[in-house]
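What follows is a single structure, written as C-alpha cells, with notes after it.
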Amino acid sequence: MFRKTKGVHISEFPEHKHISDSKPIINYLDPEFVYIPLVEQGALCEVKVNEGAMVTVGQVVAMKTGRFGLPIHSSVSGKVVSCNKKMWHSSGKLVDCIQIKNDFLYTMSESIKPLEDITPENIALKAKDCGIVGLGGSGFPTYVKYQVKTAMDYVIINAAECEPFITCDYRLILEETASLFSGIKYIMTAVGAKKGVIAIKENKYEAIKKISEYIVTNKIMDVDLFFLKDEYPAGWEKYIVQRVTKKNYNGLPSEAGAVVNNVATAIALAHAIEEGMPLVTKVVTFTGYGLKNPQNVRLRIGTNVSEVIKSLGGYTDDKCDYLMIAGGPMTGQTVAFESLVVNRSLGSVLINERFKVEELPCLGCGKCASVCPAHLTPTQIKRVLEAKDTKLLETLKPTRCVQCGLCSYICPSRISLTEAVGKAKAFVMKK
Amino acid sequence: MADKRFALSKAPHLRKSDFPKVYGTSVIMRDLCIALVPLILFGWLKNGLYPFIQIDATSFYDCIRPLMMVIIGALSSFLSEFVFFLVAKKDKEFEGLTNYKEKFKYLLRKAFKSYSIIPGLMIAMILPLYTPIWVLIIGCVFGSIVGKMLFGGFGYNIFNPALIGYVFVITAFYGVITKNGGYLNPSEAISVTTGATPLNDFKLVISGAKTLNEIFNVHGSLLNFLIGNTGGSLAETSAILCFISYLFLVLNGVIDWKSPLVYIGTIFVFSYILGAFLGYAGTLNFALFNVLSGGVLFGAVFMVTEPVTSPRDPLAKIFYAMFMALITIMLRFLTDFNEGVATSILFMNMFTPVLDIKCAQLRVQDIMKKKVLGYAAFSLIAVAIVLFTVLSLVGGK
Ligand code: SF4
Ligand code: SF4
C-alpha cells in the first residue's frame, strides 16, 4: 500500500480554456528569420555551422553534448546570419541563438527519410536523430525514456493538460487523431508494452468523443481511455502513473512499468517515423486576456514570439501592465522582453494582467497544507527555512515539492509559498 | 523594432487572491464577523428585548444593554490597538507622514487591517450579561494588548486573544461580576430561583448532589437548550444558531469542517461513558446536556477553529481538537472550575507549534513503522488522559 498523491478539485478554479479551445490551429510558418536557441534544458550546445553557411530544413546546426545528447536542427532553409544573436528564452534568460535568414524555398535535408525497419532500437534512434523531446514543458529527451531494460506494461499518453489557459494538446487531439494513434503504436513497440492508455481529464468532452469514435471505427483493441478527475495537478506524471498502474515509484515511472509521453510528443514521433521529419515545427498556445485574439498557432522552432503576437492582432490594451509568461500560469516563467524565441519545450505564451495585491501575515488557515499534492506543509517549511534549521527542514521533505504552485494559489494572505518551498528544496539538495 | 517590456514575477501567476474583494484574508475575517451577527442578535433578543417586553421593571437601558456591550467591546479592542500602533509600533511609513490627518488615517487603516475588533466582539459575547462595562473594557484591552499585540500582532499571537481577556477578567473580577447581576437576565432572575447557570447545576449532578431530572426541571427541556433559551453568557447559548454559523463558515471556506465535529464528538462520546459511571447509562441526555451547556458549541465553532492559534496542518487540527476535548472533560468532571472550555483552548494553544511540526513530519513519513509509532504516541497521550479522568472520578465516589 502506498499513499497516493493528491489532486484538488477547486470548483472555482478558472480554467480559462474557452478563450482558445474552439478555434482550429492556424499556421505561422513563414518567418523572415528564425533564431535557434543554443540552450537545451539549461545545457549549452555546440555549434556545427559557420556564419554565412547555407543550411537546409532538418540539417543539424548544433549538438547538445553530454549524457542526454541531442541534435538541434534548422527549421528553415537559408543563410546563417549569426551564431551568437542574443534572444530571450523561455527560461527567462538571454541566450545565444543561431540566426538564419529564411529563403522561403524550404529545401529539405537529404537526411529526412521515413524509418523503414521498425524495431525498438530503431525507433529510439530515430527519436534521437529527430530531436524529439518532451513537449509538455520538461524538454527531456524522449529517446532516453525508450531505452528501458525490461518490457513495460503500459504506455501512457498524458492528455490531462491540467494547467489553465493551455489548449494546444486538446486541439491536437481533435485535429491529428490518426497521428496520435500511430505515435502510440510506435511507443508501444519501442518499449514492448501491450497496452496503451490515453489519460485525459473527464471534462474534455469533445476530445473524449473524438478518441472513442476513432477507437470504435478503427477497431483498436489495445488502446484505452483513462479518465482523470477534474483536478489540479492531474497532469503530474506521478499522479497519472499511480492511478493507471495502481503502483508507486520513487525515481522514474518505468519502476511502475509505465512510460509516459504527452500528446504532442507522440504526434511528433509519428511524424518522425513516418516522414522522417525532425522536430522543427510545433503548436504553441497564444492566450491570455491581454491578447486580442487568443489562438493555437503552428510555428517553426526559433520563431520570434513578438512577430506572432503582432500577426494575431496585438494586445488588448497597449497601456495595461501585462505579464508575459512562457509556459502555463501555474508553473511558467515570466519573460522580461517581447523578443522571446520559440524553443522545443515552449508550450504556451500567456499574456495576462499583473495583479498587485499586498501580502499579509500568515493567518494560519492551513489551506496550503491541505491542498499540497505531495502532502507537504508549505507554511511550516517556510517558517523553518527562515529560521535556518537545516535538520528540521530535512524532516519536512521539501525535496518532494513539484513546484505545482497550488499552495501560493490558495493562500488567502498571498504568501509566496511555492517560491519559499523551492528555495528550501534547493537548500536541502545543496547540503 | 522596439522591444516591449514586461514586468517579472514568480510562479504561480494565477492566484485566488488576485481578487481580494472575493477571496483573501480580509474576506475570511469579514465572514467570521458575519457569522457572529445572528448570535449577537439572538443574545439581544433573549437578554434585552424579551425581558423588556415581559417585565415592566426593566428599563430601556437594560433592553439595549446586550447590544451596547458588544459594541463597546469591539470599540475598546479597536482603540487599544490604535493606541498601541501609535505608541509602540511606529514604522518608517508612519514617520514619513507629515500632517496629523494622514497619520490618523494611517493608524486607522493599520488597526483595521489587523482585524482588531474580533477579540473585543468575542469577549463581549462570552462574558456574563451583567459584567460591569468597565470590567468589559479592561478585558478587551488586556486581550488585545497582552494577548495579541505583545506577541507581534495579527498572525503571530500564540494564545487566543479573546480568551486571554476573558479568562483574565473572569478570574480577577468574578466577585464584581456576580455582585452586579452575573449571568441571568431580568426574566431569568425571577424564574430561576437558584440563580445558577446550567453549567453550575451540572457540576452538582456530577458530584451527585442533584439528579439530571432536577436540573431539567429548572432549566427546561433540551429543546430550550437547542434554541438557547437558558442562562449563560451574553450571546453564546443558542445551539441551533451556532450550527447555522458553523455551516456558513464551512461553506464559505473559512474554517475546516472537521475540527469542530471532532471536538464535539469526543466530548459527547466521553461524557456518555462517564455518565454511565454516574448512573445515566440508558440515556443520551447526560451527554447532550454536557455538550449543550457552558459554551461548548460556541467554543467549537469559533475558538477551536480560530485560524491563527490553531494548528495549520490538517492532521494536527484533528489531534488538537481531540486533546482539547479530553482536557475540557477533565476540567469539567474533576474540578469545580467553570471555565473548562476556555482553559482547555488556551492550554492547547501552547501545543499548537509542536503538534504542527510533528504532524507535518508524520504526514510525509514513508517508513510505516515510524508512522505507526507516531500515531501510537499521540493515542497513548489521549488514553492516559482518559484513564486518569475515569480513575479519579470513580475513586472520588
Ligand atoms: S508547490 Fe510544492 S509545496 Fe506547494 S503545493 Fe505544490 S508541491 Fe506542495
Ligand atoms: S495558506 Fe497562507 S495563510 Fe493559510 S496557513 Fe498557508 S501560508 Fe498561512
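Worth saying up front: this structure is predicted, and the values here are computed from it rather than measured. Chain letters run A, B, ... following the sequence lines, proteins first and then strands; every chain starts at 1.
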Part of [X] lying under 4.5 Å from any heavy atom of chain B:
X        : result
A:Ile415 : backbone
A:Val384 : side chain
A:Leu396 : both
A:Gln333 : backbone
A:Cys411 : backbone
A:Ile325 : side chain

Requested in this report: Against chain A, work out which of B:Asp18, B:Val308, B:Val27 has the most heavy-atom pairs shorter than 4.5 Å and name it.
Outcome: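 Option with the top pair count is B:Asp18.
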Query raised in the report: Do you know which of B:Ser114, B:Ser26, B:Gly155, B:Pro314 has the most heavy-atom pairs with chain A at a distance under 4.5 angstrom?
Result: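 Top option by heavy-atom pairs under 4.5 Å: B:Pro314.
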Are side-chain N/O atoms of [X] and [Y] paired as donor and acceptor at under 3.5 Å?
X        : Y        : answer
A:Tyr289 : A:Asp317 : no
B:Asp313 : A:Gln380 : no
A:Glu255 : A:Asn250 : no

Query raised in the report: Do B:Tyr115 and B:Phe154 have ring centres separated by under 6.0 Å?
Result: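 When the ring centroids of B:Tyr115 and B:Phe154 are compared, they turn out to be within the sub-6.0 Å range.
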Counting heavy-atom pairs under 4.5 Å with chain B, which one of [options] comes out on top?
options                                : result
A:Glu353, A:Arg354, A:Glu419           : A:Glu419
A:Thr377, A:Leu392, A:Thr379, A:Ile381 : A:Thr377
A:Pro361, A:Gly405, A:Cys368, A:Ser408 : A:Ser408
A:Ser413, A:Pro412, A:Gly366, A:Gly364 : A:Pro412
A:Lys356, A:Arg383, A:Lys367           : A:Lys367
A:Phe337, A:Tyr322, A:Trp88            : A:Phe337

Requested in this report: Could you tell me which portion of B:Leu8 (side chain, backbone, both or neither) has an atom closer than 4.5 angstrom to a non-hydrogen atom of chain A?
Outcome: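 The answer is both parts of B:Leu8.
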**Report entry** chain A contact via B:Pro311 - which portion, at a heavy-atom distance below 4.5 Å
**Finding:**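 Contact with chain A involves the backbone of B:Pro311 alone.
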Query raised in the report: What closest approach, in Å, do A:Ile351 and B:Phe6 show between heavy atoms, and which atom pair accounts for it?
Result: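 Shortest heavy-atom contact: CD1-CZ, 4.4 Å.
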Query raised in the report: If you look at every heavy atom in A:Gly328 and A:Ile166, which pair is closest and at what distance?
Result: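 Shortest heavy-atom separation between A:Gly328 and A:Ile166 comes out as CA-CD1, 3.7 Å.
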Requested in this report: Please state whether the rings of A:Tyr35 and A:Phe33 are parallel, tilted or perpendicular, taking 30° and 60° as the class boundaries.
Outcome: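 Tilted.
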Report task. For the residue pair B:Phe323 and B:Phe319, categorise the inter-ring angle as parallel (less than 30°), tilted (30 to 60°) or perpendicular (more than 60°). Result ->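 Plane angle under 30°, so parallel.
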Query raised in the report: Any donor-acceptor pair under 3.5 Å linking the side chain of B:Lys103 with the backbone of B:Leu86?
Result: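 The answer is no, because no donor-acceptor pair under 3.5 Å joins these two groups.
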Query raised in the report: For B:Phe82, is the NZ or CZ atom of B:Lys110 found under 6.0 angstrom from the centre of its six-membered ring and inside 45 degrees of the ring axis?
Result: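 That pair does not qualify as a cation-pi contact.
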